[in-house]
Amino acid sequence: MELALKVLVNIFAIKNLILMLAGTTFGMMMGALPGLTATMAVALLVPFTFTMEPVSGLITLGAIYGGAIYGGCFSAILVNTPGTPSSIGTTFDGFPMAKKGEGDRAITIATIASAFGGIIGVLVLIFLSPPLAKASLKFGPPEYFWVSIFGLTIIASLASKSIIKGIVGGIFGLLVSTIGIAPIGGDVRFTFGLSSFQGGVQLIVALIGFFCIPELIKMVGDGAQSMHAMEVKTRKGVFGRTFREVFKMPGNLIRSSIIGTIVGIIPGAGGNIANLVSYNEAKRASKDQEKFGTGCMEGIVATEAANNATVGSGMVPLVTLGIPGAPPAAIILGALMLQGLRPGPELFSTHADITYTFMFSMLIANIMMVGVGVLGGRGLHKVVSKLPVRFLAPSIFFLTILGSYAIRNNIVDVFVMLGCGVIGYILRELGFHPGPILLGLILGSIAEQGLVQSMLMSMGRANRWSIFFTRPISLILIVMCLVSAIWPLIKEMRERKIGKEAAK
Amino acid sequence: MKKTLAIILTIAFFAVISITVLADSYPSKPIDYVVPFDPGGESDLTARLQQKYLEEILGVNVLIKNKPGGGGALGWAELVKEKPTGYSMTGCNLPHTIVQPLMRENTGYETEDVNPVFYFQSTPNILVVPKNSPFNSLEDIINFAKENPGAMTLGGSGSYSANHLGVLELEQVTGATITYIPFTGSGAAIPALLGNHVGGLMTYTTMGVNYKDDIKILAVASEERVPSLPDVPTFIELGYDIVEGAYRGVAVAPGTSAEQIKILEDALRKINQNPEFVQKMNEMGFKLEDYGQQASVELVAKRKEYYTQLLGELGLLK
């Protein structure tokens, strides 16, 4: 009781409320700029939080994290470039919806879904941390291998037009992921003798290149006909109507939030994987799959609810075991340590007031996000839609260079980004979607590490491959992989059958 | 004629002024502190902790920039090509800057070009097993590894890192066969340990302090016991002559003036003596070191000789 009172007093202290608001807003702005990720937003602010009390510092960092993951949807919806890798899937339907003149609606959908997912993730963090953290430890290298294989099976639904092109794109992404120093063994691969390539191709750099540059080229190309990048339909009451629409699909909201929560808890996997898995599942569950990719709200709800759910759940293993569930959580771990707060049981006994204030503040921050997000998002939407292409395109181009440089303070990354952009444009013209390529790039290193680490783990076994097929969670994952891989084929066959019957 | 003279005099005047300004008031503008790793790791944490004190002592802003990639190699490759202005310093790590050029083609830098200013901390290796592990001593592990060659798995941070080299040394000294499993960082290896996916970890003292409730720490690879883990015996005490770990410091571009290096060195040394800083570092499990510029050069040379021999014996030189 005393604790609850203390937490309430802490949270509703004016100073802390202001920090939540400022953190959310700052995070959103960082997240909206491609190349400035949630990890960077949090890292940038860590030194400032030293001088604060631990409670205020953590509140600020938590708010920034949530804001940044959410902010990624703005650029995904408005310029077809995910602001962070957690919003890759949001481009699939968000951008087409904006193209139809409903950018404000898309942003409102994303905002409500983000807040809902965010709140679910935090509730799980508050109430279910200890048992879930224990479960997350069951994930070892073989499980990571199977998780990444499961991720790759999604390709079929990301590449809606041609499965073959999707697979080729995925393989291309996997190959790109092998550039640089091997994560295991330290071999130098595909650097072509250039020392700058030792660091490999950064996900964010590829993401900006493959998504943003082709879109810019297209925007400039179309610019001759239309003065503005997109049309805007003006109508009233968008927020209220959209709000009701989103809550008419509770299944999607809850499923996506749960997917985000689970992926977030697994250390090393975060919003970047969660949003794509969730998109895939939403599409699979839908009766009308054809509309996915054309600007349907289910897609936006799925990705945005899932990625914000990872924010809270990514801290489940962090607060209980000191294991960050996602990269930004790793920075928060550093901040905790610098404040002299050691993750683990102490956080819930000696420092319980700090810990619970931190967790509950993330709930409040999620609610604040709706207000700030809808207002800010609409403003941004106006700017992007009103600004003539001749101003908009160069501004975005400038931001892509800034973003790809900022990620590692490395000029070579800018050239890699431009290279990816040109390749991306050509591939898009040939009918390849950037989604599978990025998925391959994200999952390549996870799969490789899982595979090699598992093979090393089984050194003492008679049959070294058996490690992949004898662990319970691995078996569950294998079944999921099979279902996910075979399902599109079955669907196609069934449709063909129905088609034939209809023809009769 | 008069005009030329006037121009020459003016140029000379400004040149003198700027030289005196440079000589008298270094530093006079913000200094970059490049961390060649991702945020959140041991190097990054130390830098962010030093930042405030550096700004107080030097009187200018210190900007931390993360420049990760290639296990630090990208940052160092850039460092050795920089102009020696004195306004940028880069975190440098051992054994990284020794082992990478010994083993890789086209690393982009040579060990000796990484011009050290001060090595301020180290994290000796520790050997840990999960709390519920059947192993209770270093001896248990060695015996098991000898009876079941390859079945004993030890995780750690990265390939040919201090952790990896520590395992190779343990194999060499004892004749046992151990399987080393690299993870992408010292933090990434912890879930594998707590989930019993590896038999143990060769990791750093910082991890030992952080997770001490969930693990058993069997030995530390320092010359003497470390203050943050006073109950843990050294490998030497247990009869195995192994001293291994990672050292962290900062370096500047080759050719940086001795005066500037001295100012940075003094500032970093002063921070290492600040009680507040010392306490925070100890709490996190870092061992503070005091290798000034000259001592750092000697440390690097000594370690390079040793690693060249070790990697040579294992047939791993490029």
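Here the structure is a predicted model, which is why all the values come from computation and not from measurement. Lettering follows sequence order; numbering is per chain, from 1.
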K.L.:
Determine yes or no for a side-chain-to-main-chain donor-acceptor pair under 3.5 angstrom, with B/His197 supplying the side chain and A/Leu137 the backbone.
P.N.:
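Checked: pair present.
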K.L.:
Looking only at atom types and distance, does a side-chain atom of B/Tyr211 sit under 3.5 Å from a main-chain N or O of A/Gly322, one as donor and one as acceptor?
P.N.:
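Yes; at least one donor-acceptor contact below 3.5 Å.
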K.L.:
Please determine, among B/Met152, B/Glu283, B/Gln100, B/Lys65, the option with the most heavy-atom pairs under 4.5 Å with chain A.
P.N.:
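Answer, by heavy-atom pair count under 4.5 Å with chain A: B/Lys65.
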K.L.:
Return the minimal non-hydrogen interatomic distance between B/Ser159 and A/Pro183, and the atom names on each side.
P.N.:
OG-O, 4.3 Å
K.L.:
Just how far is it from atom CG of B/Asp213 to atom CG of A/Leu321, taken to the nearest 0.5 Å?
P.N.:
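Between atom CG of B/Asp213 and atom CG of A/Leu321 there are 11.0 Å.
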K.L.:
Does a side-chain heavy-atom distance below 4.5 Å link A/Met457 with B/Thr179?
P.N.:
no
K.L.:
A/Gln453 and B/Phe183: which non-hydrogen atoms are nearest, and at how many Å?
P.N.:
NE2-CD2, 3.3 Å
K.L.:
When only pairs under 4.5 Å are counted, which of A/Pro267, A/Gly140, A/Ala406 shares the most heavy-atom pairs with chain B?
P.N.:
A/Gly140
K.L.:
Of the non-hydrogen atoms in A/Ile323 and B/Pro191, which two are nearest, and what is the gap between them?
P.N.:
CG2-CG, 3.4 Å
K.L.:
Please give me the minimum heavy-atom distance between A/Leu456 and B/Thr153, naming the atom from each residue.
P.N.:
O-CG2, 4.0 Å
K.L.:
Apply the test side chain to side chain contact (heavy atoms under 4.5 Å, CB included) to residues A/Ile181 and B/Arg104: give CA-CA distance (whole Å), side-chain angles for both, the deciding distance (0.1 Å), then the verdict.
P.N.:
CA-CA 10 Å; A/Ile181 304 293; B/Arg104 293 183 197 166; 3.3 Å; yes
K.L.:
Pick whichever of A/Val452, A/Val188, A/Ile407, A/Asn409 has the most heavy-atom pairs under 4.5 Å with chain B.
P.N.:
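The option with the most such pairs is A/Asn409.
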K.L.:
Around atom NZ of B/Lys216, are there more than 12 heavy atoms from other residues, nucleotides or ligands closer than 6.0 Å?
P.N.:
yes
K.L.:
Could you pull out the closest heavy-atom pair between B/Lys67 and A/Arg408, with the gap in Å?
P.N.:
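Of all heavy-atom pairs spanning B/Lys67 and A/Arg408, the closest is CG-O, 3.0 Å.
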K.L.:
Using a cut-off of 6.0 Å, state whether more than 12 heavy atoms not belonging to B/Lys83 lie near its atom NZ.
P.N.:
no
K.L.:
Return the option, out of B/Val34, B/Leu194, B/Val198, with the maximum number of heavy-atom pairs under 4.5 Å with chain A.
P.N.:
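So the answer, after comparing B/Val34, B/Leu194, B/Val198, is B/Leu194.
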K.L.:
With a 4.5 angstrom heavy-atom cut-off, is it the side chain or the backbone of B/Glu78 that approaches chain A, or both, or neither?
P.N.:
side chain
K.L.:
How far does CG of B/Asn196 sit from NZ of A/Lys138, to the nearest 0.5 angstrom?
P.N.:
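Rounded to the nearest 0.5 Å, the CG-NZ separation comes out at 9.0 Å.
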K.L.:
Measuring heavy-atom distances to chain A, does B/Lys212 have an atom under 4.5 Å in its side chain, in its backbone, in both, or in neither?
P.N.:
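Interface part for B/Lys212: both.
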K.L.:
How about A/Phe348: does its CZ atom have over 12 heavy atoms from other parts shown lying under 6.0 Å from it?
P.N.:
yes
K.L.:
Can you tell me how far the CE atom of A/Met40 sits from the CG atom of B/Asp38, to the nearest 0.5 Å?
P.N.:
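Reported value, rounded in 0.5 Å steps: 11.0 Å.
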K.L.:
Do you know which of B/Ala151, B/Gly70, B/Gly199, B/Gly108 has the most heavy-atom pairs with chain A at a distance under 4.5 angstrom?
P.N.:
B/Gly70
K.L.:
Do you know which of A/Gly180, A/Gly185, A/Pro317 has the most heavy-atom pairs with chain B at a distance under 4.5 angstrom?
P.N.:
A/Gly185
K.L.:
Consider side chain to side chain contact (heavy atoms under 4.5 Å, CB included). Of A/Asn410, A/Asp413, A/Val412, which one does B/Leu74 pass it with?
P.N.:
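It is A/Asn410, the one option of A/Asn410, A/Asp413, A/Val412 that forms the side chain to side chain contact (heavy atoms under 4.5 Å, CB included) with B/Leu74.
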K.L.:
Where is the tightest heavy-atom contact between A/Ser195 and B/Lys81, given as atom of each residue plus distance?
P.N.:
OG-NZ, 4.4 Å
K.L.:
Hey, is the main chain of B/Thr107 close enough, under 3.5 Å, to the side chain of A/Gln198 for a donor-acceptor pair?
P.N.:
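Confirmed, A/Gln198 side chain pairs with B/Thr107 backbone.
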K.L.:
Please identify, among A/Ser458, A/Gly199, A/Gly460, the residue contributing the most non-hydrogen atom pairs under 4.5 Å to chain B.
P.N.:
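Result: the option with the highest number of such pairs is A/Gly199.
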K.L.:
Which bit of A/Ile184 comes within less than 4.5 Å of chain B, counting heavy atoms only: side chain, backbone, both or neither?
P.N.:
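Contact with chain B involves both backbone and side-chain atoms of A/Ile184.
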K.L.:
Using heavy-atom distances under 4.5 Å, tell me whether B/Asn210 contacts chain A through its side chain, its backbone, both, or neither.
P.N.:
both
K.L.:
Looking at A/Gly193, A/Pro141, A/Pro142, A/Ala335, which has the largest count of heavy-atom pairs under 4.5 Å with chain B?
P.N.:
A/Gly193
K.L.:
At a heavy-atom separation under 4.5 Å, does A/Arg471 approach chain B through its side chain, its backbone, both, or neither?
P.N.:
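Side chain of A/Arg471 only, per the 4.5 Å heavy-atom cut-off to chain B.
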